[in-house]
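Data first, discussion second: the structure below is written as structure tokens.
Bear in mind that the values here come from a model prediction, so they are computed numbers and not experimental data. For the numbers below, each heavy atom of this structure counts, side chains included, while hydrogens, waters and symmetry mates do not.
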Amino acid sequence: MESVPVRCPACGRDHAYLTPVYPCPCGTPIAPPVLRGGAVEPITHRTWSEDWVTVRCRTCGRHDQWPQPELCCPCGTVLRIPVRPATESASGPVAGALPTHIPLPRTAAAPRPAFRPMTIRTGRDAVTAAAMYLRWLGYRDVVQPAERPASRIDLRAAGVIAQVDSTTRPTTLRDVECLWLNGLNASVTSVFFSLAGYAQDARARADGLCIPLFVMDLTGTPQPVNGPADELLSTGA
């Protein structure tokens, strides 16, 4: 399995990035061809139309839209990974023979099966993906209200509430503090999911309040971005 080196332009940290793999309707696993050596870009604003790339299947020649590869740096910056246009890779195989599943993070508990994400195309999809993730962590009776309540709590389960920020801006300090107050009033754990990452002061406040923060890419796979999230991922509910 070949990894692609990626350096975060915000903090200078180096990462080994593996492109996620998707199933073509013909059955062949395909992956967006990451442009090795290309400049990564911090994502400060999202538009749904710009978050998808065209990928060609090396077996049947089909062209499909798949989520743009992204990486969440521990510093809180969400990075967009550049890929080669589909026309450049039409005559050759997709780079890297990758597995047909997304592996569990190293901190995940061994008995837990691999999380099976769902592709996020709308804000509602983001809430559904977060609900699936909470169930995977072991929370029971996850409830997803049909309409968002005034409290902005998107998900409730035994012992936990969660908020999902599917907007195109980083989650703010006020958002984190409001979630914490709701969790405090209900005497339950608070968990936050965001598509665009977190403002620096919001992340610092969450660390102080021990609120797990996760960032989701468009594959629907949450990634922990602070210590409380790592701990929750490791231990489960």
Side-chain angles (χ1 to χ4, degrees), residues 10 42-46 48 51 70 72-78 105 107-108 115 117-118 120-237:
I43 298 176
T44 58
H45 178 75
R46 285 187 180 276
W48 291 107
D51 284 335
E70 297 177 2
C72 180
C73 180
C75 75
T77 304
V78 181
T107 53
F115 175 65
M118 63 167 284
I120 297 175
R121 296 181 182 274
T122 67
R124 193 66 182 174
D125 288 345
V127 176
T128 301
M132 293 169 57
Y133 194 74
L134 288 177
R135 295 187 187 100
W136 178 73
L137 287 173
Y139 287 103
R140 296 175 290 104
D141 304 323
V142 179
V143 176
Q144 180 180 343
E147 295 185 6
R148 196 176 202 192
S151 65
R152 301 180 66 190
I153 300 303
D154 297 291
L155 299 166
R156 295 180 182 272
V160 69
I161 59 174
Q163 185 172 333
V164 182
D165 187 352
S166 59
T167 64
T168 59
R169 55 158 179 80
T171 298
T172 66
L173 171 64
R174 183 176 183 275
D175 293 332
V176 169
E177 290 182 334
C178 287
L179 175 65
W180 174 72
L181 288 173
N182 277 294
L184 189 65
N185 290 335
S187 299
V188 296
T189 299
S190 302
V191 181
F192 217 118
F193 297 88
S194 176
L195 276 178
Y198 300 87
Q200 186 174 355
D201 56 353
R203 180 175 174 181
R205 184 63 168 152
D207 289 344
L209 298 173
C210 295
I211 297 177
L213 301 181
F214 292 87
V215 167
M216 293 193 295
D217 60 22
L218 295 182
T219 68
T221 306
Q223 298 292 340
V225 297
N226 66 349
D230 283 327
E231 182 177 355
L232 179 59
L233 178 59
S234 177
T235 62

For a side-chain contact (heavy atoms from CB on, under 4.5 Å) check, start with the C-alpha distance between Q144 and V127, then their side-chain angles and the critical distance, and finish with the verdict. CA-CA 8 Å; Q144 180 180 343; V127 176; 3.6 Å; yes
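- The CD atom of Q200 lies 11.5 Å from the CG atom of L173; values are rounded to the nearest 0.5 Å.
- Looking at L195 and T167, their side chains never come closer than 4.5 Å, going by heavy atoms from C-beta outward.
- Just one residue in the list V191, D230, L233, V160 forms a side-chain contact (heavy atoms from CB on, under 4.5 Å) with P212, and that residue is V191.
- In the model, T172 has a side-chain atom that pairs as donor or acceptor with a side-chain atom of D175 under 3.5 Å.
- F193 meets the ring-ring contact (aromatic ring centres under 6.0 Å, His included) test with F214; sequence neighbours excluded.
- The minimum heavy-atom distance between T219 and P117, with the atom names listed, is O-CB, 3.2 Å.
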Derivation of the side-chain contact (heavy atoms from CB on, under 4.5 Å) call for L155 and V143: CA-CA 6 Å; L155 299 166; V143 176; over 6 Å; no
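- To the nearest 0.5 angstrom, L218 atom CG is 9.0 Å from R121 atom CZ.
- Using a 4.5 Å heavy-atom cutoff, the side chains of Y133 and P222 are in contact.
- Residues M216 and V164 meet the side-chain proximity criterion, which asks for heavy atoms closer than 4.5 Å.
- R124 and D154 are not joined by a salt bridge, as no carboxylate oxygen comes within less than 4.0 angstrom of a charged side-chain nitrogen.
- Smallest separation of non-hydrogen atoms from S190 and I211: O-CG2, 3.6 Å.
- When all heavy atoms of A206 and N226 are compared, the closest pair comes out as CB-ND2, 4.2 Å.
- Screening residues 217-237 for ring-ring contact (aromatic ring centres under 6.0 Å, His included) gives no qualifying pairs among residues at least two apart or on separate chains.
- A 4.5 Å side-chain heavy-atom check between F115 and M132 finds at least one atom pair inside the cut-off.
- Nearest heavy atoms, S166 versus A126: CB-CB, 4.1 Å.
- Listed by first then second residue, pairs satisfying salt bridge (charged side-chain N to carboxylate O under 4.0 Å, His left out) with a partner in residues 183-209 read E177-R205, not counting sequence neighbours.
- For the pair T77 (side chain) and C73 (backbone), a donor-acceptor distance under 3.5 Å is absent.
- No side-chain heavy atom of V215 sits under 4.5 Å from any side-chain heavy atom of L213.
- L232 places a side-chain heavy atom less than 4.5 Å from the side chain of L137.
- Side-chain contact check for D125 versus M118: some heavy-atom pair is nearer than 4.5 Å.
- In plain terms, the two heavy atoms of P170 and A199 that are nearest each other are CB-N, 3.8 Å.
- Rounded to the nearest 0.5 Å, atoms CD (E70) and CD1 (I43) are 3.5 Å apart.
- Inter-residue side-chain proximity for I153 and L179 is flagged as met; some heavy-atom pair is nearer than 4.5 Å.
- In this structure, CZ in R140 is found 13.0 Å from CG in L134, a value given to the nearest 0.5 Å.
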